[in-house]
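Note: hydrogens, waters and symmetry copies are ignored here, and every other heavy atom, side chains too, is used.
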Amino acid sequence: MELRQRPELRQKVTLSPQVYQGLSMLAMPIADLRVLVDAELLENPVLEAEEESPDDERGDAEESPSGAEEDAAWDDWLQMYEDLEASEPLVPREPDPEQVDTEQFVGGIQTFEEYLYAQIGMMDLPSGVAKAARAVVGTLDDDGFFIGDCAEIAAVAGVAPAEAEAGLAAVQQLDPPGVGARSLVEALRIQMIHLGLDEPMLVAIAERHLPEVASRRYRTIAKALGINEQEVERLAGLLRMLNPRPAGAFSPGPSPGYIVPDVTVRRVGEDWLVFSDTEVIPTLRVSPQYRSMLRSDSRVDDTTKRYLRDKVRSAQSFIRNLDRRKDTISRITSIILEVQAEFFEDGKGPLRPLRLEDVAAEVGVHLSTVSRGVSGKYMSTPYGLFELRHFFSGGYRTVTGTDVAATTVRSRLKELVASEDPGEPLSDQQIAERLSDEGVRIARRTVAKYRDELRIEPSWQRRRR
């Protein structure tokens, strides 16, 4: 087989770096975008953040061939840029009537040990007892049980045995109740005292009949203790309120981070106004100092001018992409306000079906652009913080011709389960029939799918519970 080269003409779609950057910026959550903006400010010397952001239009510098014509074009652009800057009052581009301090959305992680140490620090304990209590905390296992002994604590902390015992007793008074217990029964006893449960039979069940409680052999327990079966069932219900793993009641949760709204909506009279975030993402501009260095009458050498022109073009592209992102998200938000007007009346109204395809057609962009514009983006409203995706879902048409969003159907399903008779929980078919009676025709299989998404157990498990 002979290998040869031959010319071939074909069409191929490629994304320019500027377009790729714009798509990436649109998909970023606002906290990640701020990181990108900070990096760009460090990398590009001609780019700077405005302390006060006038509402100006940024001129586009077009590259002329070379020489005097190119210098004249840059002079014209620089003059237009400065004229526009001077013509506008120095006011925020989109003033936010309700300034939001984003620091209030940030938390910190506190470990279980730190949580206990903080409580010990607030107790009025002698220094030796406090030292022993901190040593006890250091010997707790993952469930919060004390796995050492007081002799070891006394040796490690350098305190008397009596102070080690007092330190353990102090830890057993901390929250969560039961922490520092040496056994499961002791943990349950501590929790009974904490809850004020004065039930001698409950203590007896905890000490001798925990396996029977787990397997619900109430008759066996009743016969052993000489009480009736109904009383055993009542006591078993109290026992199940207690936590066999004291440390399991403490959950630091996932690492907290910024949840910063990309847009804020506020009602003024009968109208809703959309404000883009102006605190986290600063307004950017080309530095006046470097603009002056590009003038034809400046003493800057040609090599430096070429470098600065490249940086100015890069800065302009970055600023345009930021503005496009802001504009796209604001337009999507405006459509959400229009379609979901009933919800925004009081924050409790039903949601109407809204698809990404519908918004893409309305905005005049590709479906993937809308998908990037709503993913990970949040809207601050008078009723709380919502992810933009919350307002998108398919839906159903009722017998009266009204459209109902799938989100509303899920909410109604949750209400039906919450109000059902615990002794006779509703099956998926019964829930489908109830919704059908309310005008929403829905299949049993769909009810089962929504129930799984809401993490609601099947009817047979709800009955047993």
I'd like to know if the side chain of [X] and the backbone of [Y] have a donor-acceptor N/O pair within less than 3.5 Å.
X	Y	result
Arg291	Val286	yes
Tyr218	Glu231	no
Glu420	Leu416	no
Gln340	Phe391	yes
Glu345	Glu342	no
Asp358	Leu354	no

Query raised in the report: Could you walk me through whether Val359 and Val365 pass the side chain to side chain contact (heavy atoms under 4.5 Å, CB included) check?
Result: CA-CA 9 Å; Val359 176; Val365 296; over 6 Å; no
Requested in this report: Applying side-chain hydrogen bond (donor to acceptor under 3.5 Å, both in side chains), run through Ser371 and Arg389 and close with a yes or a no.
Outcome: CA-CA 9 Å; Ser371 180; Arg389 279 195 179 275; 3.2 Å; yes
Report task. Just do the side-chain hydrogen bond (donor to acceptor under 3.5 Å, both in side chains) check on Ser276 and Ser330 with the steps written out, would you? Result -> CA-CA 7 Å; Ser276 296; Ser330 296; 2.9 Å; yes
Query raised in the report: So which pairs with a foot in residues 20-33 pass salt bridge (Lys or Arg N to Asp or Glu O under 4.0 Å), sequence neighbours left out?
Result: none
Query raised in the report: Taking all non-hydrogen atoms of both residues, which atom of Met28 and which atom of Leu33 are closest, and how far apart?
Result: SD-CA, 4.0 Å
Requested in this report: Using a strict 4.0 Å threshold on nitrogen-to-oxygen distance, state whether Asp262 and Lys326 make a salt bridge.
Outcome: no
Requested in this report: Walk me through it: do Glu186 and Gln172 pass the test side-chain hydrogen bond (donor to acceptor under 3.5 Å, both in side chains)?
Outcome: CA-CA 10 Å; Glu186 186 177 21; Gln172 291 179 350; 3.3 Å; yes
Requested in this report: Quick one: do Asp327 and Arg331 satisfy salt bridge (Lys or Arg N to Asp or Glu O under 4.0 Å)? Show the steps, please.
Outcome: CA-CA 6 Å; Asp327 179 64; Arg331 290 165 70 189; 3.5 Å; yes
Query - Pair Phe386-Phe344, ring-ring contact (aromatic ring centres under 6.0 Å, His included): steps then yes or no - result: CA-CA 12 Å; Phe386 295 92; Phe344 284 98; 7.6 Å; no
